[in-house]
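Quick notes on the structure that follows.
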Amino acid sequence: MSILIKGGRVITAADDYVGDVFVEDERISLIGESLDVEADRVIDASGKYVLPGGVDPHTHLDMPFGGTVTIDDVESGQTAAAFGGTTCHVDFVIQPQGATFAAALDDWRSKADGKQVIDMGYHMAVTDLKEGGTLEELASLPEQGVTSYKLFMAYKGALMVDDETLFRTMEVAAETGALVMVHAENGDLIDVLVRQALEAGNTEPRYHALTRPPEAEGEATNRAIQLARVAGAPLYVVHVTCKEAVDPIALAREKGWNVWGETCTQYFFTSMEDIEKPSFEGAKYVFSPPVRDKSNWDVLWNAVRTDALSVVSTDHCAFLWDGQKTMGEDDFSKIPNGGPGLENRLHMIHEFGVRAGRITLNRMVELLATNPAKLFGLYPRKGTIAVGSDADIVVFDPSREHTISASTHHSKTDYNLYEGTTVRGSPAVVLLRGNVLVENDRLVASPGVGQFVARAKFGEELKGGRAVTA
Ligand code: URP
Ligand code: ZN
Ligand code: ZN
């Protein structure tokens, strides 16, 4: 099967030109001006952007968390992603305490079997190196294409690890070529503040934010950076929300250290005003780290512009408001933490980043596709439009209006963080490895089309599906 995408404005992290992109089977085989080739199908992209499929390195599909399970499974979550122009994501496998990493991986793979709509990889969230997984087993994961380890410095009594586990994992990562990811909040401090709030009778959703101050994020970010320095491991700080965490990351990067930071779409648009909404609506905005004061919006836009932060992900961790978030109606600490977003990252960042003049189109592609692909061992297969790359392509119509709503989105959750927002610019056609996934607002391909992608080790490139040293 061959497809010719004709006359679109091809935009990568580096380039911006009008041209034709020729796809044969799963890959891009030719790019040029007015290509004279026969194709099984021609897609007229004039007036449209031709973007690499989005890569979302931070999602939680079908994940047990907070006394329940995230509402989007692999099929619904990936369908939402496809409609939003994301063609590859990296999900978190959570090691249950006492279980081996192999058992956790098997479990996650069985949840994905036959349901995959887009391509995916896995990070391993390490929760226990005493009873379950061993350091040796952890060291074997990069050879299996699982080339990033995640540690939670918060969620005491659930996913949180101590500094010893964090540091030992970092040491293994330094040896095996894995990237260490941290959820950076001081879990001990938060635990004390939560208990004090509840003892004082403060149970509403806003206390979720008030018991997780920005200093808790700043302290843990600093600690993780210093520990990674000692271990000699590369570090990626997930879901950065505030100046207290941006500053140490920016400083580490100025020094040339191997430290990167990510923020998520929702942190540019939500604030304390949302979590304070009446009638328990504030619970929709309970995620961690929490919503912050609005002054942080400019801090984050500036950070993604200057590369203090290098990726925008979604941290898609969707729960129903009615039935799951309501578990915490009488106690904010029982509200499952997380929010939806997989479908709307490109919509929102294009509208309020590019169209509002905050970032360029090239930078948008870099933040949503190229940088996550590079950092997580998917580049150049994913994250760019180039000869030899997978034909994961978004034909994006910059003039198409789209109003975001839970009534039309593809996640199973019953609310949308951006409800009622009208954006100008939306995917018209989405291709995954040369298969048309989305067209005319319909999912055209069947679940099963997506694949697991073995990722390259940190600092190595993925060529032809195999990791090769750069
Ligand atoms: O509240 C959030 N972010 N839930 C998902 C788990 C995590 O911390 O990333
Ligand atoms: Zn987290
Ligand atoms: Zn997360």
Side-chain angles (χ1 to χ4, degrees), residues 11-14 16 54-58 181-185 209 212-222 224-225 234-275 285 287-315 339 341 344-372 374-375 383 417-418 421 423 425:
I11 297 156
T12 67
D16 186 342
V55 177
D56 189 339
H58 190 156
M181 308 168 78
V182 285
H183 171 133
E185 285 186 293
R212 306 182 87 100
E215 291 81 358
E217 189 179 334
E219 184 280 327
T221 303
N222 269 297
I225 291 171
L235 180 73
Y236 179 93
V237 184
V238 303
H239 51 37
V240 172
T241 70
C242 57
K243 183 171 171 20
E244 286 76 358
V246 168
D247 283 352
I249 295 169
L251 186 63
R253 292 179 57 69
E254 269 170 38
K255 290 176 183 291
W257 297 353
N258 276 338
V259 173
W260 290 267
E262 155 205 282
T263 189
C264 311
T265 324
Q266 57 271 26
Y267 294 114
F268 294 108
F269 305 106
T270 56
S271 73
M272 285 302 293
E273 281 177 20
D274 293 301
I275 206 166
Y285 304 88
F287 34 75
S288 298
V291 289
R292 301 290 186 200
D293 181 86
K294 276 183 180 171
S295 58
N296 285 290
W297 293 356
D298 277 347
V299 172
L300 295 179
W301 282 116
N302 198 43
V304 294
R305 199 168 36 235
T306 57
D307 207 37
L309 298 179
S310 311
V311 172
V312 178
S313 74
T314 65
D315 192 6
N344 303 120
R345 182 177 63 148
L346 178 56
H347 287 135
M348 293 297 285
I349 300 300
H350 176 259
E351 177 69 27
F352 298 99
V354 176
R355 274 177 38 83
R358 294 183 168 106
I359 55 171
T360 63
L361 272 169
N362 299 109
R363 183 62 180 160
M364 178 186 80
V365 168
E366 198 164 35
L367 290 165
L368 307 189
T370 316
N371 280 351
K374 285 183 174 172
L375 284 163
L417 293 173
Y418 318 112
T421 304
V423 296

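This is a predicted model, so every value here is computed, not measured. As a basis for the values below, the full set of heavy atoms in this structure was taken, side chains included, without hydrogen atoms, waters or symmetry mates.
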Q.
If you apply the rule side chain to side chain contact (heavy atoms under 4.5 Å, CB included), what do you find for Asn296 with Thr241, and how did you get there?
A. CA-CA 7 Å; Asn296 285 290; Thr241 70; over 6 Å; no
Restricting to non-hydrogen atoms, name the atom on [X] and the atom on [Y] that form the minimum distance, rounded to 0.1 Å.
| X | Y | value |
| --- | --- | --- |
| Ala209 | Pro290 | CA-CB, 3.6 Å |
| Leu346 | Met364 | CD1-CE, 3.7 Å |
| Val237 | Leu235 | CG2-CD2, 4.0 Å |
| Asn371 | Ser310 | ND2-O, 2.9 Å |
| Pro214 | Cys242 | CB-SG, 3.8 Å |
| Thr265 | Val312 | N-CG1, 3.7 Å |

(Q) If we check side chain to side chain contact (heavy atoms under 4.5 Å, CB included) with Tyr418, which of these qualifies: Glu351, His347, Gln266? (A) Gln266
Should [X] and [Y] count as side-chain neighbours, where that means a heavy-atom distance under 4.5 Å?
| X | Y | value |
| --- | --- | --- |
| Val182 | Val238 | no |
| Glu244 | Pro213 | no |
| Val311 | Leu375 | yes |
| Phe287 | Cys264 | no |

Starting at [atom1] of [X], measure out to [atom2] of [Y] and round the result to the nearest 0.5 Å.
| X | Y | atom1 | atom2 | result |
| --- | --- | --- | --- | --- |
| Leu251 | Asn222 | CG | CG | 8.5 Å |
| Leu367 | Arg305 | CG | CZ | 11.5 Å |
| Thr263 | Leu309 | OG1 | CG | 6.0 Å |
| Glu217 | His239 | CD | NE2 | 8.0 Å |
| Lys243 | Ser295 | NZ | OG | 10.0 Å |
| Thr270 | Lys294 | OG1 | NZ | 10.5 Å |

Q. Has Glu215 got more than 12 heavy atoms of other residues, nucleotides or ligands less than 6.0 Å from its CD?
A.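 Yes, CD of Glu215 has more than 12 neighbouring heavy atoms, counting only those of other groups under 6.0 Å.
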(Q) As a quick check of understanding, evaluate side chain to side chain contact (heavy atoms under 4.5 Å, CB included) for Glu273 and Val291, giving each step before the final call. (A) CA-CA 9 Å; Glu273 281 177 20; Val291 289; over 6 Å; no
Is it true that a side-chain atom of [X] and a backbone atom of [Y] form a donor plus acceptor pair closer than 3.5 Å?
| X | Y | value |
| --- | --- | --- |
| Arg358 | Val304 | no |
| Tyr267 | Pro289 | yes |
| Asn362 | Thr12 | yes |
| Arg253 | Val259 | yes |
| Arg212 | Ser288 | no |

(Q) Assess the residue pair Phe352 and Phe269 against the criterion (ring-ring contact (aromatic ring centres under 6.0 Å, His included)); give the C-alpha distance rounded to whole Å, side-chain angles, the decisive distance to 0.1 Å, and a yes or no. (A) CA-CA 9 Å; Phe352 298 99; Phe269 305 106; 5.3 Å; yes
